[in-house]
Amino acid sequence: MMVRLAMAGMAALLLAGCGSEGSGTVEGENGEVAHYKVDESSGEVNATLETADGTATMRSGADVPVELPRGFTIYPGAEVTTNTVFEQADANGALVTMKAEASPEEMVAFYRKQAEAAGVEISLNMNTDTMQMIGGDAPDGATFSFTSTRKDDGTTAQLMVGEAFR
């Protein structure tokens, strides 16, 4: 749960402050301070977030290497459009956005199997006409969510995997 909160907090701070500037500092309501820098040639964002619990780092962009924890993999044939990696002293994680020709149902089945193999107990299962979402946590603090949305030209999906170190 801490991984999910830290990733969400850093993303919210950066979205609020990044804009088109190449670097800067953003302060959150709780006194959390994020420093970010945008590489002008690649668009990659590097950031640090200072909290009461310590320092967290984030790297996000289309060319950031994908290294998923706990045995998760990219869906076969999917194109990664953005990868965000997050690290702090007691946790790490990744948030990957991808596109694929597969249906949302096929992708959800693939990631459900990987999540269960990683010890994640699926507690969220939501379906609409065009979107499917699953998510859950493992007893050791790992967290997982996967959302897939059908578009005219394929499926857009977002995978979030995080793990806590004890």
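Heads up: numbering here begins at 1 and tracks the sequence.
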Pair Met58-Asn46, side chain to side chain contact (heavy atoms under 4.5 Å, CB included): steps then yes or no: CA-CA 6 Å; Met58 182 196 79; Asn46 288 281; over 6 Å; no
Worked check of side chain to side chain contact (heavy atoms under 4.5 Å, CB included) between Met126 and Met131: CA-CA 8 Å; Met126 187 171 86; Met131 185 271 303; 3.1 Å; yes
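Counting only residues at least two apart or on different chains, the ring pair (Phe, Tyr, Trp, His ring centres under 6.0 Å) pairs with a member in residues 106-129 are Tyr75-Phe110, Tyr111-Phe146. Among residues at least two apart or in separate chains, there is no ring pair (Phe, Tyr, Trp, His ring centres under 6.0 Å) pair with a member in residues 37-63. Listed by first then second residue, pairs satisfying salt bridge (charged side-chain N to carboxylate O under 4.0 Å, His left out) with a partner in residues 110-131 number zero, not counting sequence neighbours. Among residues at least two apart or in separate chains, there is no ring pair (Phe, Tyr, Trp, His ring centres under 6.0 Å) pair with a member in residues 112-133. Annotation: ring pair (Phe, Tyr, Trp, His ring centres under 6.0 Å) contacts involving residues 47-71, sequence neighbours excluded, are absent. Screening residues 64-85 for salt bridge (charged side-chain N to carboxylate O under 4.0 Å, His left out) gives Arg70-Asp140, Arg70-Glu163 as the qualifying pairs, with residues at least two apart or on separate chains.
Rounding to the nearest 0.5 Å gives a distance of 9.0 Å between CD of Gln158 and OG1 of Thr82. Between atom CG of residue Leu159 and atom CG of residue Leu95 there is a gap of 8.0 Å, rounded to the nearest 0.5 Å. Note that CE of Met107 is 11.0 Å distant from OG1 of Thr147, once rounded to the nearest 0.5 Å. With rounding to the nearest 0.5 angstrom, the OG atom of Ser123 is 10.5 Å from the CD1 atom of Ile134. Note: Thr73 OG1 to Gln114 CD = 3.5 Å, rounded to the nearest 0.5 Å.
With sequence neighbours left out, the side chain to side chain donor-acceptor pair (under 3.5 Å) criterion links Thr156 to no other residue. The side chain to side chain donor-acceptor pair (under 3.5 Å) search around Thr81 returns none, not counting sequence neighbours. Partners of Thr130 by side chain to side chain donor-acceptor pair (under 3.5 Å), not counting sequence neighbours: none found. Considering only residues two or more places apart in sequence or on other chains, Asp153 meets the salt bridge (Lys or Arg N to Asp or Glu O under 4.0 Å) condition with Lys99. Residues satisfying the side chain to side chain contact (heavy atoms under 4.5 Å, CB included) criterion with Asn127, sequence neighbours excluded, are Asn125, Gln132. Every residue was checked against the side chain to side chain donor-acceptor pair (under 3.5 Å) condition with Glu101, not counting sequence neighbours, and none meets it.
Thr57 contributes no side-chain N or O that, together with a main-chain N or O of Thr48, makes up a donor-acceptor pair within less than 3.5 Å.
By the 4.5 Å heavy-atom criterion applied to side chains, Val64 and Glu44 are counted as neighbours. Between Val96 and Leu68, some side-chain heavy-atom pair lies under the 4.5 Å cut-off. No side-chain heavy atom of Ser60 sits under 4.5 Å from any side-chain heavy atom of Asn83. Val80 has its side chain within reach of Ile74: a pair of non-hydrogen atoms, C-beta onward, lies under 4.5 Å apart.
Across all their heavy atoms, Thr149 and Pro104 have their closest contact at C-CG, 4.3 Å.
Leu124 and Val108 are assigned to two separate hydrophobic clusters, defined by single-linkage of ILVMFWY side chains at heavy-atom distances under 4.5 Å. Met133 and Met160 end up in different hydrophobic clusters when Ile, Leu, Val, Met, Phe, Trp and Tyr side chains are linked at under 4.5 Å.
Defined by atom type and a distance below 3.5 Å, a donor-acceptor pair is missing between the side-chain atoms of Asp63 and Ser42.
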